[in-house]
Participant: 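The following block contains the structure, expressed as C-alpha cells.
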Amino acid sequence: MTSTVHVHDQATTLGNGSSGGGSGEGAGAADPIGPDAFAVQIADQIESFTVAVVEVAKGGDPDAAVPHLLLQVSQLLLAGGRLGAHEDIVPEERYEPDTGPEPDMDELRERLAHMLAPVDVYSEVFDPYVPRSTPVPSRISDDIADIVTDLRHGMAHYRAGRVSEALWWWQFSYLSNWGPTAGATLRALQSLVAHVRLDTPLAELDGLDTDSEAAETAEGDLERQAGRVMAAEIAAPLGLRPQRRD
C-alpha cells in the first residue's frame, strides 16, 4: 500500500540545497527523496539495528559488545534525528491497526544483562530540563530491549504495507520513549568506551541498582519535580491557581 503522507526530510533538504546563481538546470526539479524513499531508508536503518543487536546478544564476541553497541545506537539515533526533525507524520487510519502480540524480549534482555553484568547498571537524569533532577539508575540491557520492542512494533506495520502508520509510530515513539532511552544508553556506552581507551577506572557505584530503595525514592522525587514544573508552566495559561490548604 502506498503511503499518502507528505514527507519532508529537512536534514536531506539542507544537505541537497543549492546555492544561488548558476545555470539553474535543477530549478523546479522534483525532490529525489520522496515519501517512499524516506520510509525505505528509515526502515533499513531500523532493521539493521535490530539485526545487529540480536547478533551481539548471541555472545560470539563479548569483548567487542560495548563498542559494537555504541556504533549501532549511534547509527540508530541518526534515523531518530531525521524522524524528530520531520514535520508531524499523520497516519492514514484514524485508529492504529492491531499488530498482534508484542515480541518477547526477555531472552534478548537476559543475554545482554549477562554479557554486560559488571557495567549494565548506570546512572541517568530522566529529563535534563527538570530543575534539580535526581539521577536514577537504569540498565543498558533493559534499555536496548525496550528500544527493540518499539522498533519492531513499527516494523510490523511497515511489513504489512501500512507505511504511514509505521512512520507515525517510529516518530511518536522516538519522541516519547525510544529516543530518550537511546540517548541515555549512548551516553553510558560512550562513557564505558572512554574509560577503557583513556585508561581511567570506573568509580564504585555504591550498590546502585534499579531495584533499590534509592531508585524508588529518586523516581518519586522526579515525578514530584516534574509535577511542580508542569503546574508552573500550564496553570497560568489555563487560568488555574494552586489550591490553598486550610
Side-chain angles (χ1 to χ4, degrees), residues 3 7-16 32-87 89 103 105 107-109 111-113 115-116 119-120 122 124 128 138-159 163 165-198:
S3 169
V7 177
H8 179 65
D9 183 3
Q10 297 182 20
T12 303
T13 300
L14 292 173
N16 292 339
I33 305 299
D36 293 336
F38 178 81
V40 169
Q41 291 169 5
I42 296 297
D44 284 348
Q45 289 177 285
I46 286 174
E47 180 68 11
S48 295
F49 173 81
T50 56
V51 169
V53 165
V54 170
E55 191 63 29
V56 170
K58 292 180 180 178
D61 190 3
D63 292 338
V66 169
H68 281 168
L69 290 174
L70 172 65
L71 176 61
Q72 294 304 323
V73 174
S74 298
Q75 291 177 335
L76 175 66
L77 282 170
L78 173 59
R82 294 183 68 187
L83 289 164
H86 195 288
E87 62 187 10
I89 298 171
M105 291 290 104
E107 182 179 0
L108 176 67
R109 191 188 315 271
R111 284 178 176 271
L112 289 173
M115 186 184 310
L116 301 170
V119 293
D120 192 23
Y122 68 98
E124 170 64 11
S138 300
R139 291 181 182 273
I140 296 174
S141 56
D142 287 344
D143 290 349
I144 292 178
D146 290 345
I147 293 168
V148 173
T149 298
D150 277 345
L151 299 180
R152 284 185 171 174
H153 183 89
M155 188 60 71
H157 286 307
Y158 184 80
R159 288 174 175 166
V163 178
E165 193 74 43
L167 288 174
W168 169 81
W169 171 259
W170 284 328
Q171 183 186 59
F172 168 75
S173 57
Y174 166 75
L175 297 172
S176 63
N177 190 44
W178 73 260
T181 301
T185 306
L186 179 65
R187 286 191 292 274
L189 293 169
Q190 191 276 337
S191 179
L192 287 173
V193 170
H195 277 290
V196 172
R197 297 291 174 82
L198 300 177

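Note that the numbering runs from 1 along the sequence shown for the chain. The structure displayed is predicted, hence computed values, not measured ones.
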Participant: Decide side-chain contact (heavy atoms from CB on, under 4.5 Å) for Gln72 and Val56; before the verdict, give the C-alpha distance in whole Å, the side-chain angles of both, and the deciding distance to 0.1 Å.
Facilitator: CA-CA 10 Å; Gln72 294 304 323; Val56 170; 5.6 Å; no

Participant: Distance from Leu77 atom CG to Arg82 atom CZ, nearest 0.5 Å?
Facilitator: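 Here the interatomic distance stands at 14.0 Å.
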
Participant: Within the 4.5 Å heavy-atom criterion, are Asp146 and Met105 side-chain neighbours or not?
Facilitator: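 Contact flag for Asp146/Met105 side chains = no.
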
Participant: Can you name the closest pair of heavy atoms from Ala166 and Gly154 and give their distance?
Facilitator: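 For Ala166 and Gly154, the tightest heavy-atom pair comes out as CB-O, 3.3 Å.
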
Participant: Any donor and acceptor pair, going by atom type alone, linking the side chain of Gln171 with main-chain N or O of Ile89 inside 3.5 Å?
Facilitator: yes

Participant: Roughly how far, to the nearest 0.5 Å, is CG of Leu116 from CZ of Arg139?
Facilitator: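 These two atoms lie 10.5 Å from each other.
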
Participant: Is the side chain of Ser191 donor-acceptor paired with the backbone N or O of Arg187 at a distance under 3.5 Å, no angle test?
Facilitator: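 Checked: no pair found.
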
Participant: Just do the side-chain contact (heavy atoms from CB on, under 4.5 Å) check on Val40 and Tyr158 with the steps written out, would you?
Facilitator: CA-CA 9 Å; Val40 169; Tyr158 184 80; 3.6 Å; yes

Participant: For Gly84 versus Leu175, what's the shortest heavy-atom pair and its separation?
Facilitator: CA-CD2, 4.3 Å

Participant: Less than 4.5 Å apart, any side-chain heavy atom of Leu189 and any of Ile140?
Facilitator: yes

Participant: Any non-hydrogen side-chain atom of Leu76 less than 4.5 Å from a side-chain atom of Gln45?
Facilitator: no

Participant: Please identify each residue that fulfils ring pair (Phe, Tyr, Trp, His ring centres under 6.0 Å) with Phe49, with sequence neighbours left out.
Facilitator: none

Participant: Does a donor on one side chain sit under 3.5 Å from an acceptor on the other, for Asp143 and Thr185?
Facilitator: yes

Participant: What pair of heavy atoms forms the shortest contact from Ala39 to Val163, and how long is it?
Facilitator: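 The pair with the smallest heavy-atom distance is CB-CG1, 3.5 Å.
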
Participant: Between Trp169 and Asp150, is there a side-chain heavy-atom distance shorter than 4.5 Å?
Facilitator: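 They are in side-chain contact.
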
Participant: Please evaluate residues Val196 and Val66 with respect to the criterion side-chain contact (heavy atoms from CB on, under 4.5 Å), reporting the C-alpha separation (whole Å), side-chain torsions for both, the decisive distance (0.1 Å), and the verdict.
Facilitator: CA-CA 11 Å; Val196 172; Val66 169; over 6 Å; no

Participant: Atom OG1 in Thr181, atom CG in Asp142: separation rounded to 0.5 Å?
Facilitator: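 Those atoms lie 10.5 Å apart.
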
Participant: More than 12 heavy atoms of other residues, nucleotides or ligands under 6.0 Å from CD of Glu107: yes or no?
Facilitator: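 Result for CD/Glu107: open.
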
Participant: In Å, rounded to the nearest 0.5 Å, how long is the span from CD1 of Ile42 to OH of Tyr174?
Facilitator: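 Atom-to-atom, Ile42:CD1 and Tyr174:OH are 10.5 Å apart.
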
Participant: Return the minimal non-hydrogen interatomic distance between Gly59 and Met115, and the atom names on each side.
Facilitator: CA-CE, 3.6 Å

Participant: Looking only at non-hydrogen atoms, find the nearest pair between Leu112 and Ala57 and report the distance.
Facilitator: CD2-CB, 3.9 Å

Participant: Can you tell me how far CD1 of Ile46 sits from CD1 of Ile147, rounded to the nearest 0.5 angstrom?
Facilitator: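 Between Ile147 CD1 and Ile46 CD1, I get 11.5 Å after rounding to 0.5 Å.
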
Participant: Give me each pair satisfying side chain to side chain donor-acceptor pair (under 3.5 Å) with a member in residues 46-60, each pair once, sequence neighbours excluded.
Facilitator: Glu47-Arg159, Glu55-Lys58

Participant: Quick one: does Leu151's side chain get under 4.5 Å of Trp170's, heavy atoms only?
Facilitator: yes

Participant: What pairs with His157 under ring pair (Phe, Tyr, Trp, His ring centres under 6.0 Å), at least two apart in sequence or on another chain?
Facilitator: His153

Participant: To the nearest 0.5 Å, tell me how far Leu71 CG sits from Leu186 CG.
Facilitator: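 It is 10.5 Å, given to the nearest 0.5 Å.
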
